[in-house]
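Structure first, commentary second.
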Amino acid sequence: MLDPKTIEIVQSTVPVLKEHSKEIGKRFYELLFEKAPDLYNMFNQTNQKRGIQQEALGYAVYAAGEHITNLEAIKPVIERISQKHRAIGVKEEQYPIVGETLLQAVKDVLGDAASDEIIEAWGKAYGYIADAFINLEKNLEEETKSQPGGWNGYRSFYVDKKGEESDNITSFYLKPADGKAIASYKAGQYLTLKATIPGEKYTHIRHYSLSESPGKPYYRISVKREDAHDNSPDGIVSNYLHNQVQTGEQLEFSAPAGDFVLDHSELPVVLISGGIGITPVLSMLNTLVETQSTRQVTFIHGAINSKTHAFKEHVIELAENQENVKSFICYSSPNKEDRIGHDFDKEGIIDLDVLKSTVPSKESLFYLCGSIPFMESILTALVKWGVSKENIHYEAFSPVALFEEE
């Protein structure tokens with residue numbers, strides 16, 4: 001345990017680190033890649049260019065410092081990060097260089113304000129926090145490897161088939177190249193791909209939610225092709241998967257991971273998704289139906305229009321055939337064909353009015369997945385409605401959700 005003086009210094013300097021968190025995160029990664037360029041193989045370079053990874057790091061640092069005497073208070077964040085560390089293969093021996101680099105970044109950004117006493121205190125705090133991560137990740141590794149069909153590291157899977165779900169979303173059905181059993185998973189979890197792409201200097205790692213219920217002899221991921229827009233280029237990995245990877249080709253994946261999982265209480269379930277965020281909640285929906293759950297399920301999805309709406313017919317069919325399942329569709333920009341058939345329930349976005357009119361009770365469990373702005377909007381609406389934060393769960397397709405504090 002940390003001594004009182006160290007705790008006092010860390011907690012008193014949290015506001016300063018919070019104020020400069022983005023600069024500290026940016027400087028940290030500059031230094032880290034100078035010292036250990038091989039780590040480019042482990043980090044999402046797109047998130048680096050967009051500044052998301054740097055912002056997430058800064059958030060994690062000051063949040064840990066703020067709760068240094070009670071890490072239980074940020075347990076969801078710690079578990080989420082540890083799951084991803086296990087999935088991408090972070091090793092215990094990598095923690096010291098990260099700590100050393102982080103302290104150097106703090107000194108570089110804060111200058112004279114970062115006294116030796118402050119740096120020493122944060123060094124002790126980092127060691128304490130790192131030990132918590134290391135122990136949790138060791139346990140996760142052991143659990144993953146020891147389960148039937150489990151493995152650590154990356155394993156080869158071949159693409160058994162591809163299926164087009166919308167104009168920009170394709171499903172990949174994956175079977176193990178060694179023909180052996182595969183680990184089961186919880187609805188809402190993801191696979192982690194390590195892609196070796198021709199012409200790319202480093203490997204690229206991506207997390208893709210499993211879009212099918214567990215218990216199948218294959219894994220299914222459904223990937224949105226990220227096309228160039230505004231100042232963002234084409235997605236390197238998504239375009240590689242869509243345009244280059246063919247049936248029969250092999251890809252490397254680590255075992256299923258993630259803390260965004262379906263709760264098994266008897267409360268009604270509300271699954272809310274935007275765009276490609278449909279993938280983990282679809283796995284939850286399929287699981288509830290296949291296990292013949294009697295819980296009331298409300299599935300609310302937002303898309304641009306039918307051209308970008310994946311799994312539409314599948315969800316509608318489930319809703320028509322299951323008395324306890326209800327579906328609601330919002331299109332922000334419906335096309336002519338959508339209007340003729342009126343194959344949606346509301347033009348616009350998912351808002352508080354939609355939630356109040358569609359969800360049978362605010363005493364439900366809510367599962368959200370989509371872009372950060374999408375989930376911020378939904379979260380704000382749910383809190384305004386009076387939904388307990390303990391009943392709201394979400395998955396962010398980014399390094400760490402940055403709206404934890406709201």
- Task: With rounding to the nearest 0.5 Å, note down the distance linking CD1 in Ile197 to CG in Leu241.
- Result: 7.5 Å
- Item | Reported CG-to-NZ distance for the pair Asp112 and Lys107, which is rounded to 0.5 angstrom | 11.0 Å
- Message: Counting only heavy atoms not in Lys161 (residues, nucleotides, ligands), do more than 12 fall under 6.0 Å from its NZ?
- Response: no
- Query: Pick from His207, Arg206, Lys84: which one makes a side-chain hydrogen bond (donor to acceptor under 3.5 Å, both in side chains) with Thr192?
  - Reply: His207
- Task: Give the minimum heavy-atom separation between Phe157 and Pro176, together with the two atoms involved.
- Result: CD2-N, 3.4 Å
- Glu290/Lys216 ion pair, N-O < 4.0 Å: yes
- Item | Electrostatic pair Glu66-Lys18, nearest N-O below 4.0 angstrom | no
- Item | Electrostatic pair Arg27-Glu30, nearest N-O below 4.0 angstrom | yes
- Give a yes or no on this: more than 12 heavy atoms of other residues, nucleotides or ligands lie within 6.0 Å of atom CD of Glu34. yes
- Task: Indicate whether the side chain of Glu252 and that of Ser156 have a donor and an acceptor atom separated by less than 3.5 Å.
- Result: yes
- For Ala132 and Leu71, work out which heavy atoms get closest and say how close. CB-CD1, 4.2 Å
- Query: Around atom NZ of Lys312, are there more than 12 heavy atoms of other residues, nucleotides or ligands at under 6.0 Å?
  - Reply: yes
- Message: Which residue is it: Asp353, Thr358, Asp351? I am looking for the one with a side-chain hydrogen bond (donor to acceptor under 3.5 Å, both in side chains) to Lys346.
- Response: Asp351
